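These numbers come from a predicted model, not from an experiment. Atom set for the values below is all heavy atoms of this structure, side chains included, hydrogens, waters and symmetry mates excluded.
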Amino acid sequence: MRRDVMAAPEGSLRRRKAGDSDLGSGSPPAPGRDDASCSARLRAGTFWLTRIVLLRALAFVYSVAFLVALHQNKQLIGDRGLLPCRAYLKSVQQYFQGLGAWGAWSYAPTIIWLLDWSDMDFNLDLLAVLGLGISCFVLITGCANMILMAALWGLYLSLVNVGQVWYSFGWESQLLETGFLGIFLCPWWTLSRLPQHTPTSRIVLWGFRWLIFRIMLGAGLVKIRGDQCWRDLTCLDFHYETQPVPSPLAYFLHRTPWWVHRFEVLGSHFLELLVPFFLFLGRRMCILHGVLQILFQVALILSGNVSFLNWLTVVPSLACFDDASLGFLFPSGPAGLKDRVLSLQGGEAPGPQPRPRHGRAVRSVVNLSLGILVACLSLPVVLNLLSAKQVMNTTFSSLRIVNSYGAFGSVTKERMEVILQGTASPNASAPEAVWEDYEFKCKPGDPRRRPCLLSPYHYRLDWLMWLAAFQTYEHNEWILHLAGKLLANDAQALSLLASSPFEGRAPPRWIRAEYWRYRFSLPGGRHAAEGKWWVRRRIGPYFPPLRLQDLEGYFRERDWPI
């Protein structure tokens with residue numbers, strides 16, 4: 001293009017002058033114009049490129065979620081998992097025994113009801129592989145239709161509804177709600193990135209905007225109504241250290257001056273309580289809302305490992321942008337997406353495609369029905385937002401189409417960790433017994449191990465270990481199942497951990513869990529000079545030393561494999 005300009009500068013100038021008079025005509029830019037000129041020609045108010053960006057972002061989160069499922073489901077809910085989903089589904093069947101199959105289906109809608117239960121590991125892998133394959137196809141190509149997006153939603157819903165406590169996090173419902181809206185972004189069955197006769201529905205776009213409005217406002221309100229430290233601006237004095245899985249940056253952010261923490265909390269309140277209302281103040285303020293929320297989520301991604309939650313929260317924020325504001329993401333050139341959008345904006349058909357006779361009318365009815373459905377299902381969510389007893393991360397139906405959200409309504413002031421230890425000593429109470437620690441993938445353990453940067457991937461066991469520290473082991477029976485598997489050196493359970501002190505050795509004779517209090521070491525201090533990121537102190541036992549034979553009756557009662 002540079003050689004053309006140098007070879008014929010006068011012709012280029014004449015073409016530019018001729019083009020100045022019809023900037024609003026909507027015709028494609030002539031070859032040879034620069035990106036800035038082409039981007040400026042995209043008119044505001046259409047959302048062809050927005051749909052592509054939304055679908056790819058959603059497909060990325062889906063792909064991570066299904067990848068996590070493929071790597072961890074067998075160990076967590078498989079045939080020999082910590083909480084086997086077969087036993088769970090049997091308990092659901094037994095509970096609804098007098099009401100027929102529909103009661104069990106409505107309580108836990110999942111495709112697994114239709115599959116052969118003789119090999120549940122295969123079923124779980126099948127759902128995860130199908131979901132991973134479809135989501136990667138949409139991510140790479142930017143093409144999707146309602147069939148593919150409905151398949152993704154149905155596959156993940158099937159996993160969430162048998163995942164039990166491992167899938168009890170708020171972002172699971174948020175992904176399903178976001179994915180449900182994603183179904184209606186697409187044409188019925190064609191796989192064109194720019195389906196000429198299926199413009200992006202404004203109703204669906206406002207569905208995404210309504211979602212991000214509820215997510216952010218819900219998070220802000222639950223903080224103001226929750227912990228006192230959010231009101232006196234001191235929560236971030238503790239949060240970086242006590243959050244579920246701190247990142248390396250959190251180690252340094254924890255030691256920033258007190259006034260920085262106050263400013264951060266004020267910024268959080270501004271972004272969660274005031275900025276959401278920008279959505280209703282016109283195009284420019286809506287775009288500003290999208291920019292601020294995306295930057296906020298990036299900051300949260302860097303400072304903590306909250307699974308794919310923050311990545312997922314970016315997705316509905318993308319609905320704040322139209323084609324004119326997203327044009328810079330797409331290259332210019334003949335037959336490129338940007339040029340094709342210019343043709344669509346100008347009302348020119350990109351190709352000889354037959355117009356569906358009744359498709360547009362049917363689609364309008366479907367989109368209108370979606371809007372009415374979301375509005376009706378939003379009533380309990382809005383009442384929850386307005387309630388002084390607001391609850392966060394609550395779903396109001398097993399399909400999880402519209403849910404309530406919130407995060408960190410209360411902040412712990414001290415970090416407690418449950419550390420699993422084993423010993424080969426025949427006498428657990430002997431003074432000479434040597435207890436050795438099991439290390440998890442990302443959860444704090446060895447004080448010398450650097451905090452990990454993991455997001456958007458999610459180690460479900462590490463998160464549940466953090467939550468278990470707030471309760472007793474009686475409230476988390478899966479931890480005793482884990483202890484039994486470690487006593488047997490079970491390879492499947494050990495794959496969930498970073499390392500075992502008994503690798504290549506005989507299994508431990510005893511397992512115990514201990515409470516430890518953790519805090520960050522002081523950068524430049526004595527412990528940091530010794531290579532320690534954490535300083536820890538033992539508090540007491542979480543559960544007493546156990547042998548494998550001590551757990552056999554416990555396993556039999558729950559139909560767990562011994």
Given side chains that start at C-beta, do those of [X] and [Y] come closer than 4.5 Å, heavy atoms only?
| X | Y | result |
| --- | --- | --- |
| Leu217 | Tyr405 | no |
| Leu420 | Asp437 | no |
| Asn489 | Pro508 | yes |
| Trp466 | Arg415 | yes |
| Ser410 | Trp230 | no |
| Ile294 | Leu318 | yes |
| Val275 | Gln293 | yes |
| Met416 | Phe470 | no |

What I want to check is whether the side chains of [X] and [Y] have a donor and an acceptor closer together than 3.5 Å.
| X | Y | result |
| --- | --- | --- |
| Glu264 | His261 | yes |
| Ser495 | Gln75 | yes |
| Tyr251 | Ser521 | yes |
| Gln93 | Tyr107 | no |
| Gln390 | Asn384 | no |

[Y] backbone acceptor or donor facing [X] side chain under 3.5 Å:
| X | Y | result |
| --- | --- | --- |
| Thr395 | Asn403 | no |
| Asn73 | Gly81 | no |
| Asp119 | Phe122 | yes |
| Ser173 | Gly170 | no |
| Arg231 | Lys223 | no |
| Asp490 | Ala493 | yes |
| Arg225 | Ser387 | yes |
| Arg56 | Ile140 | yes |
| Asp462 | Cys442 | yes |
| His254 | His239 | no |

Checklist entry - Between Arg512 and Trp435, is NZ or CZ placed under 6.0 angstrom from the six-membered ring centre and within 45° of the ring axis? => result yes
Next on the checklist: Cation-pi check for Tyr554 against Arg558: NZ or CZ below 6.0 Å from the six-membered ring centre and within 45 degrees of the axis, yes or no?
Outcome noted: yes
Less than 4.0 Å between a side-chain N and a carboxylate O, is that true for [Y] and [X]?
| X | Y | answer |
| --- | --- | --- |
| Arg519 | Glu241 | no |
| Arg262 | Asp232 | no |
| Asp446 | Arg536 | no |
| Glu177 | Arg400 | no |
| Glu172 | Arg460 | yes |

Distance flag, aromatic centroids of [Y] and [X], threshold under 6.0 Å:
| X | Y | answer |
| --- | --- | --- |
| Tyr156 | Phe66 | yes |
| Tyr62 | Phe60 | no |
| His458 | Phe169 | yes |

Item to check | Derivation and outcome, ring-ring contact (aromatic ring centres under 6.0 Å, His included), residues Phe440 and Tyr459 | outcome: CA-CA 9 Å; Phe440 286 76; Tyr459 289 126; over 10 Å; no
Out of curiosity, [X] [atom1] to [Y] [atom2], how far, rounded to the nearest 0.5 Å?
| X | Y | atom1 | atom2 | value |
| --- | --- | --- | --- | --- |
| Leu83 | Asn476 | CG | CG | 9.5 Å |
| Ile479 | Leu464 | CD1 | CG | 9.0 Å |
| Thr313 | Phe296 | OG1 | CZ | 9.5 Å |
| Leu157 | Ile111 | CG | CD1 | 8.5 Å |
| Leu497 | Lys441 | CG | NZ | 8.0 Å |
| His475 | Tyr473 | NE2 | OH | 11.5 Å |

For [X] and [Y], which heavy atoms make the closest approach, and how far apart are they?
| X | Y | value |
| --- | --- | --- |
| Pro246 | Pro444 | CD-CG, 4.5 Å |
| Arg547 | Arg509 | CG-O, 3.5 Å |
| Thr110 | Trp105 | O-CH2, 3.5 Å |
| Ser303 | Leu253 | CB-CD1, 3.7 Å |
| Leu89 | Ile112 | CD1-CG2, 3.7 Å |
| Val411 | Cys235 | CG2-SG, 3.8 Å |

Checklist entry - Where does the angle between the aromatic ring planes of Tyr438 and Phe502 fall among parallel (under 30°), tilted (30 to 60°) and perpendicular (over 60°)? => result tilted
Next on the checklist: Is the ring pair Phe555/Trp560 parallel, tilted or perpendicular, if the boundaries are 30 and 60 degrees?
Outcome noted: perpendicular
Item to check | CA sep, side-chain torsions, deciding dist, call: Trp510, Ser425, side chain to side chain donor-acceptor pair (under 3.5 Å) | outcome: CA-CA 8 Å; Trp510 299 85; Ser425 173; over 6 Å; no
Next on the checklist: Show, in sequence, the C-alpha distance, side-chain angles and deciding distance for Phe520 and Trp533, and conclude whether the ring-ring contact (aromatic ring centres under 6.0 Å, His included) test is met.
Outcome noted: CA-CA 6 Å; Phe520 278 137; Trp533 293 79; 8.1 Å; no
Item to check | CA sep, side-chain torsions, deciding dist, call: Tyr240, Leu236, side chain to side chain contact (heavy atoms under 4.5 Å, CB included) | outcome: CA-CA 6 Å; Tyr240 291 119; Leu236 292 186; 4.0 Å; yes
Checklist entry - If you count the non-hydrogen atoms of other residues, nucleotides and ligands that lie under 6.0 Å from CH2 in Trp117, is the total more than 12? => result yes
Checklist entry - Is atom CD of Gln549 surrounded by more than 12 heavy atoms (other residues, nucleotides or ligands) closer than 6.0 Å? => result yes
Item to check | Stepwise ring-ring contact (aromatic ring centres under 6.0 Å, His included) test for Trp478 and Trp166 | outcome: CA-CA 10 Å; Trp478 55 266; Trp166 309 107; 5.2 Å; yes
